[in-house]
Trainee: 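Here it is, the structure in full.
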Number of protein chains: 2
Amino acid sequence: MMSGSRTAQASTLYRRIRSEIEDNIISGRWPPGYRVPFEHELVQQFSCSRMTVNRVMSDLAAAGLVERKRKAGSVVARPRVQQALLDVPDLKAEVENSGDSYGYELLFRQRVAARRPEAERLGVAIKTPVLALRCRHRRDGRPFAVEDRLINLAEVPEAEQQDFSLLPPNTWLVGQIPWTEAEHRISANNADREIALLLGIDAGSACLNLSRRTWRGGNSITAVTITHPGDCYQLFARFAPSKL
Amino acid sequence: MMSGSRTAQASTLYRRIRSEIEDNIISGRWPPGYRVPFEHELVQQFSCSRMTVNRVMSDLAAAGLVERKRKAGSVVARPRVQQALLDVPDLKAEVENSGDSYGYELLFRQRVAARRPEAERLGVAIKTPVLALRCRHRRDGRPFAVEDRLINLAEVPEAEQQDFSLLPPNTWLVGQIPWTEAEHRISANNADREIALLLGIDAGSACLNLSRRTWRGGNSITAVTITHPGDCYQLFARFAPSKL
DNA sequence: AAGTGGTCTAGACCACGTT
DNA sequence: ACGTGGTCTAGACCACTTT
């Protein structure tokens, strides 16, 4: 029920070292800020040359899992909010970065034992303790997102102590969960009466709908659905062949 | 007016070699299938050790720019349709991969000199020759996407010879343009009468709207807007920390 | 001043795929 | 059998940052 870390034993030394370190980070055993062993320590631990561990650590840094500093060593990075490109972003940070004022309200908060719908949405067993939240985000006073979220309390029990009346759950989770996998679905639909009321738009207006599920080491952490008025939010992504 | 390839001279040998090779690929000078020099040739060319060019080529392979085979050498890869994760995919390939039948119609095709709206959408100078297209995609006979596309004929003059009556422009372009950068915007809006008619849905229904602009070496290639019925198409993306 | 990572070298042996 | 890339080593020198 804890962190499931079954990394395939690797064919090459490089992979073995890399997946062992990656495992420690993704599972949460090495939280953000944790000081990863120095290269010379890894050389001893794996009985290999420095080039090999250096390549592992350089690649992990390029992938954004660790940050390296001369003399100070390497530490586990905290997950970038701009996870690659299509992360459902930290709405709070996003709004404030663009210079607008950010507003947040908690509309609903309840601890429940998962029944069928929650269990399926979150991908957990029935009766798993779950925290259900609904909140609203504003930009310059105007509602621009309704967030419906389930948090798996079996994996993130600390969430129960948080009341989320001031801090958006995503902002809090980003600081708590060291690293995750995520899956997104994006669709469009017409606002029903409830959503229209909450967003201050006409019923039937087009809304952009984002669903994200998040795992840590194979275990479901949270499932969230965010509904934006279609005309006031644009997802954005950019590609280039290399990240150099 | 041709391929603008101004790569900054690099601080390290690795970067210098990598950006020189990357340049050749992205600019199109080395098209898909082109045989990249062998490692020992690059060693001579750059007067360095094999480890250094090997790291460059390995990383380019990991990034998907080249494919490597022992004995045969390395060749420039053809752009993967599943560009990273949120590419507007090749709709034809996507539909057929899911086992459905695919249908395509060209609704409109005209060569024009870019005026204000086209120039802005495509990011080119006014009067640039442009090919404007509108087409419709069907899944199992049912319309599921309307595509509005501009192609910069100054960069892709071959497009003028293509009539696109049978082959979707994206499918053709993927085979023509060796490598690109792209930028996406995703939004939702209510179908106007024209779109509703083309998609066979009610006016006012929510639609998912994807806009993509594509460059090659800094030059605009194509701009496309794809409109899907909101309920029949879902973008999908999945993340994991490493691609090993 | 000392210790870390950043980069590079000149070898080596092996696995694989073409011939 | 041969030539390619895949991987690894044991060193080296340098740049940066903290002490």
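Just so it is clear: chains get the letters A, B, ... in the order the sequence lines come, proteins before strands, and each one is counted from 1.
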Trainee: Over how many whole Å does the gap from A:Asn54 atom CG to C:dG5 atom C1' extend?
Mentor: 7 Å
Trainee: Any side-chain heavy-atom pair from B:Asn152 and B:Thr128 closer than 4.5 angstrom?
Mentor: yes
Trainee: Between A:Lys69 and A:Met51, which is nearer to the 5' end of DNA chain D once each is assigned its nearest nucleotide?
Mentor: A:Met51
Trainee: Do the charged groups of B:Asp59 and A:Arg55 touch, with an N to O distance under 4.0 Å?
Mentor: yes
Trainee: Are more than 12 heavy atoms from other residues, nucleotides or ligands located less than 6.0 Å from atom CD of A:Gln44?
Mentor: no
Trainee: Do the charged groups of A:Arg212 and A:Glu147 touch, with an N to O distance under 4.0 Å?
Mentor: no
Trainee: Can you tell me if B:Glu41 has over 12 outside heavy atoms packed within less than 6.0 Å of its CD?
Mentor: yes
Trainee: For chain A and DNA chain D, what are the first and last nucleotides along the strand, 5' to 3', with at least one atom under 4.0 angstrom from a heavy atom of the protein chain?
Mentor: D:dT7 to D:dT18
Trainee: Going by the rule salt bridge (Lys or Arg N to Asp or Glu O under 4.0 Å), which residues pair with A:Arg121 if we only count those two or more places apart in sequence or in a different chain?
Mentor: none
Trainee: For DNA chain D, find the residues of residues 33-41 of chain B with a heavy-atom distance under 4.0 Å and give them by number; none if there aren't any.
Mentor: B:Phe38, B:Glu39, B:His40
Trainee: With nearest nucleotides of DNA chain C determined for A:Lys71 and A:Arg68 from heavy-atom distances, which residue corresponds to the more 5′ nucleotide?
Mentor: A:Lys71
Trainee: Heavy-atom distance under 4.5 Å between the side chains of B:Met57 and B:Leu65, does that happen here?
Mentor: no
Trainee: Is any side-chain heavy atom of A:His137 less than 4.5 Å from a side-chain heavy atom of A:Tyr102?
Mentor: yes
